[in-house]
Trainee: 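Before I ask anything, here is the structure I am working with.
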Amino acid sequence: MELKTQIKTMDLLMKLLKGEGEQSQSICSENEKRLQENMKEKSPLERVNPEQVSEYSERLLYFLKEITEDMDAKLHGIMVVKSGKIVLEVGFSPYRIEDWHISHSLCKSVTGLAIGCLITDKKLNIDEKIVDIFDKKKFGLFAGRIKKITVRHLLTMSSGIQFNEASSLFEEDWLKGCLSSNVAFEPGMKFAYNSLNSYILSAIVLEKTGKSMLSYLKERLLDKMRIDNIFWEKCPNGIEKGGWGLSLRMEDMAKFGILYMQKGVWEGESLIEKEYMEEAVKKQIETPEAISEYGYGYHVWMCEEEGSFQFNGMLGQNVFLFPKTETVVVTTAGSTNFFPKSPVFDIVMKYFTSEGIKKWKESVIENRSNTLQAWSEKIFYERMMEVSKSFYYGQRNQIPKEMFSLPLYLENPSQCEEEMKSLLTENEKKEAWYSIKWLWNKMHKKRQGVLKNTVQKKSFNAIEEELEEGEENKIPYGILEREMWEEVKQVLGVPYQLEAQQVMILPLFLQVIHGMYAKGIRSLVLKEEIEGNRQLYLQIKEGKQIKKIQIGFEKPAYGMYQLKEAPYLIGVIGKWCRNEEQVLVLKITICFVETSHTRILYLYFEKENILIRSKEEPSLEKLMEQLPTILTAEQIDVPMKLAVSIGDLDYAKYRLQKIIEPNIKGKKINV
């Protein structure tokens, strides 16, 4: 990291420690960010039973069970596409398949497609030097090695440019910063991951076409692929970031994967030349073993099986591609993994490589003693129960919103569909998708012959019906104990003034990346609204603004959290409980569902006082554990660079923890 950047980084960190952060650059305007609200999916991928495309439901269940048991994966969603058709999709509440999700560095592979389009259109040569593309005034007086950098060097992360993600936090003109940067080594000599390589590629698209990269992609690819629910953050000068900042839906991530696997062909039309697409997914350069053992192509990571490859973004955003079996596996998450090497990578390789599938068949399919239909039923009921428990009792009470296109796979798919139609009404189907645990219980009872249509509705709405019997029986907000409910009523509507403004709603990670610095909460009150459906809100005073956050119980409540110009979609889940000293506690989990980040608040109610403990996920401690690997690989992402710049990691961790996980007291305000 250059000395100038180190000094500025230290200055930013000190301001954050003092709560003096200022807005440096807005990621987007409200109108841009909420474009997705008016978008309708024009051409969704077809959903089918796995067996319809020679896939095994049982293997998907085994995969799903194993990958969800890895609690550190912090999965937000999983999608499996076979032969262009979706056979598995799961959104872990409050994350939903239909919402877009930040892709982080996964989007570099999309930037690679834009370069492929330029080459196909004969507007660019892969060995063209950047000094011949941009205005020479942007290059430094002593350019030296930078004059040797080509498009190929940028695509393979071998340019050696030292202007990096941390540098971009403090510069308005990113392109000038890149082109006047020092170059650490002879271009092409070694791999050195730097997202500003991708940014320069984005700038090249603008330079060559006069159009922004997203506009160019829309014209060349997106309209033809029916991808319109997409947003790409821009630098201060209005150029798409290229290496990060792209939000899109999991299904569209899968579409890009399919385009790569089909070597640039979409619905029979060649959109990108075959030669470029073939070279893009071949190993072009070795990578440090600490982050990947298999090498790097043109903005694409190689995988374990020959011919397989991967798009990867930090914190668990992945698209795994297996051309031999025409399979795409997509994951979104909020983990602490920065690069491809991860437990999730290992699990996906275990179940979707040709060798993995072969071993699974040998150990399971060929050892069946019953008929296919009977065995499928057994696997569904036994394994689904196990899987549903891991979903329901998993991190943050995650509940799967959707499981499969149909929840039961027998030898006869039409029979399966009729089973479901006779079992559930339309409203009950929606409820069933929301809770696999309820679905399992319902279908299990049906097998035992104890579920009749006359009691079908009551089994789903028993709790709601009980609450309607009388006001005296209403104990809302997921509370099971009447004694606790009486105590909760005592704190509703009571305002509290906080001693310090260090509790923030927006996670620090997002503040740093987006340059949107929060002032912290000054006061708060829990407000109940009984008109219509009974609802509970956390009302806060943040800076000079009053904000209301609805809290969901059992099911998440969705809303918008607005900071300056940037609106964030949030899913909020609350839970009342007691600590070991029997103090009443409200845990509020605020998931920023379009991102990888979550804020968790613990409100401890102690007579006249309140204590607030706050933390964010991915956790600082877990991220810090990754530092040795990251430093060895000479790669450090933005938030880590803030810590590393201090020089003393233990000190940095301690001080950052004070920001991210503060313990703040508050007193009841007499009104």
Side-chain angles (χ1 to χ4, degrees), residues 1-6 8-9 105 108-109 111-112 115 124-171 173-204 207 235 239 241-244 279-280 283-292 295-302 312 314 338-340 629-638 640-641 644-645:
M1 190 186 299
E2 297 177 356
L3 178 60
K4 180 176 70 172
T5 300
Q6 287 184 358
K8 289 183 177 181
T9 304
S105 291
K108 288 180 172 67
S109 302
T111 298
I115 296 303
L124 183 69
N125 185 298
I126 197 167
D127 291 311
E128 194 169 345
K129 294 179 179 178
I130 61 173
V131 72
D132 296 327
I133 297 174
F134 296 107
D135 184 347
K136 291 179 173 55
K137 292 179 182 178
K138 286 188 176 289
F139 293 84
L141 293 175
F142 305 100
R145 287 173 174 167
I146 206 162
K147 291 183 178 180
K148 300 179 181 180
I149 295 174
T150 66
V151 173
R152 188 188 300 272
H153 296 145
L154 298 172
L155 284 169
T156 57
M157 293 288 172
S158 61
S159 71
I161 286 175
Q162 289 188 307
F163 186 89
N164 54 30
E165 297 94 328
S167 306
S168 69
L169 290 173
F170 313 106
E171 298 294 338
D173 193 336
W174 292 10
L175 184 57
K176 185 176 180 180
C178 290
L179 301 182
S180 61
S181 170
N182 293 328
V183 178
F185 51 81
E186 194 72 15
M189 293 301 294
K190 68 175 183 177
F191 178 90
Y193 194 85
N194 182 350
S195 294
L196 273 298
N197 286 304
S198 311
Y199 172 75
I200 298 173
L201 293 173
S202 176
I204 287 174
E207 191 73 19
C235 78
I239 301 172
K241 293 178 180 178
W244 71 100
E279 288 300 307
K283 183 168 74 172
Q284 302 290 339
I285 193 166
E286 295 287 346
T287 51
E289 190 173 324
I291 58 176
S292 176
Y296 197 70
Y298 294 158
H299 272 30
V300 173
W301 298 89
M302 302 301 101
N312 170 257
M314 68 177 182
F338 285 89
F339 289 102
T629 300
I630 296 168
L631 289 170
T632 300
E634 298 182 359
Q635 318 305 324
I636 310 172
D637 278 272
V638 176
M640 293 301 98
K641 285 169 181 168
V644 173
S645 66

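Being a predicted model, the structure only gives us computed values, none of them experimental.
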Trainee: Measuring from Glu171:CD to Cys235:SG, what's the distance to the nearest 0.5 Å?
Mentor: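 If I round to the nearest 0.5 Å, the distance is 12.0 Å.
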Trainee: Does Thr111 use its side chain to pair, donor to acceptor, with the backbone of Ser198 at less than 3.5 Å?
Mentor: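 Flag not set: sc Thr111 to bb Ser198 has no pair under 3.5 Å.
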Trainee: Please work out whether the ring planes of Tyr193 and Phe339 are parallel, tilted or perpendicular, with thresholds of 30° and 60°.
Mentor: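 Answer is perpendicular, since the angle exceeds 60°.
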Trainee: Check whether any side-chain N or O of His299 sits under 3.5 Å from a backbone N or O of Leu155 as a donor-acceptor pair, and report yes or no.
Mentor: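 Answer holds: yes.
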Trainee: Does any N or O in the side chain of Asn194 come within less than 3.5 Å of the main-chain N or O of Ile161, such that one atom is a donor and the other an acceptor?
Mentor: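 A pair under 3.5 Å: yes.
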Trainee: Quick check: closest heavy atoms across Ser158 and Phe185, and the distance to 0.1 Å?
Mentor: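 Minimum heavy-atom separation between Ser158 and Phe185: O-CE1, 3.6 Å.
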Trainee: For Glu165 and Leu196, work out which heavy atoms get closest and say how close.
Mentor: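 For Glu165 and Leu196, the tightest heavy-atom pair comes out as N-CD2, 3.5 Å.
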Trainee: Can you tell me how far CD1 of Ile239 sits from CD of Glu207, rounded to the nearest 0.5 angstrom?
Mentor: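 With rounding to 0.5 Å, CD (Glu207) is 8.5 Å from CD1 (Ile239).
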Trainee: Could you pull out the closest heavy-atom pair between Asp173 and Lys176, with the gap in Å?
Mentor: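 Nearest heavy atoms, Asp173 then Lys176: OD1-N, 3.0 Å.
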Trainee: So does Ala184 get a backbone contact from the side chain of Arg145, meaning a donor-acceptor N/O pair under 3.5 Å?
Mentor: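 Judged by distance alone, yes, a pair lies under 3.5 Å.
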Trainee: Report yes or no: does Ser159 contribute a side-chain atom to a donor-acceptor pair with the main-chain N or O of Ile149 at less than 3.5 Å?
Mentor: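 Looks like no, no N/O pair under 3.5 Å.
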Trainee: For Glu186, I'd like to know if atom CD has over 12 heavy atoms of other residues, nucleotides or ligands within 6.0 Å.
Mentor: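 Yes - once you tally the heavy atoms of other residues, nucleotides and ligands closer than 6.0 Å, there are more than 12.
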Trainee: Between Glu279 and Gln284 (side chain of the first, backbone of the second, donor and acceptor by atom type, cut-off under 3.5 Å), is there such a pair?
Mentor: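 No.
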Trainee: What distance do Asn125 atom CG and Arg152 atom CZ have between them, rounded to the nearest 0.5 Å?
Mentor: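 Output value for this atom pair is 8.5 Å.
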Trainee: Between Asn312 and Phe338, what is the shortest heavy-atom contact and its length?
Mentor: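 That closest heavy-atom pairing would be OD1-O, 3.8 Å.
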Trainee: Should Ile291 and Tyr296 count as side-chain neighbours, where that means a heavy-atom distance under 4.5 Å?
Mentor: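 The answer is no; the side chains never approach within 4.5 Å.
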Trainee: Just how far is it from atom NE2 of His153 to atom CD1 of Ile285, taken to the nearest 0.5 Å?
Mentor: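 Interatomic distance, His153 NE2 to Ile285 CD1, rounded to 0.5 Å: 8.5 Å.
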Trainee: How close do Ser180 and Ile146 get, heavy atom to heavy atom, and via which atoms?
Mentor: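 In this case the closest contact between Ser180 and Ile146 is N-CD1, 4.4 Å.
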Trainee: Is it true that a side-chain atom of Ser181 and a backbone atom of Gln162 form a donor plus acceptor pair closer than 3.5 Å?
Mentor: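 Yes; at least one donor-acceptor contact below 3.5 Å.
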Trainee: From Ser202 OG over to Ile115 CD1, what is the distance, rounded to the nearest 0.5 angstrom?
Mentor: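 Answer rounded to 0.5 Å: 8.5 Å.
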Trainee: Can you tell if the side chain of Leu124 reaches within under 4.5 Å of the side chain of Ile133, non-hydrogen atoms only?
Mentor: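 SC-SC contact between Leu124 and Ile133 confirmed.
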Trainee: Say you draw a straight line from OG1 of Thr156 to CD of Glu286; how long is it, rounded to the nearest 0.5 Å?
Mentor: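 It is 12.5 Å, given to the nearest 0.5 Å.
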Trainee: Does a side chain donor of either Lys108 or Ser195 reach within less than 3.5 Å of an acceptor in the other side chain?
Mentor: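 A pair is found: one side chain offers a donor N or O, the other an acceptor, under 3.5 Å apart.
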Trainee: I want to check something: taking the side chain as every heavy atom from C-beta on, are Phe134 and Ile204 in contact at a cut-off of under 4.5 Å?
Mentor: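 In short, these two side chains touch, coming nearer than 4.5 Å.
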Trainee: Please examine the side chains of Lys241 and Trp174, heavy atoms only from C-beta on, and report whether any two atoms are closer than 4.5 Å.
Mentor: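 Side-chain contact under 4.5 Å: yes.
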Trainee: Ignoring hydrogens, what is the shortest heavy-atom contact between Pro288 and Phe191? Give both atom names and the distance.
Mentor: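 The answer is CD-CD2, 3.6 Å.
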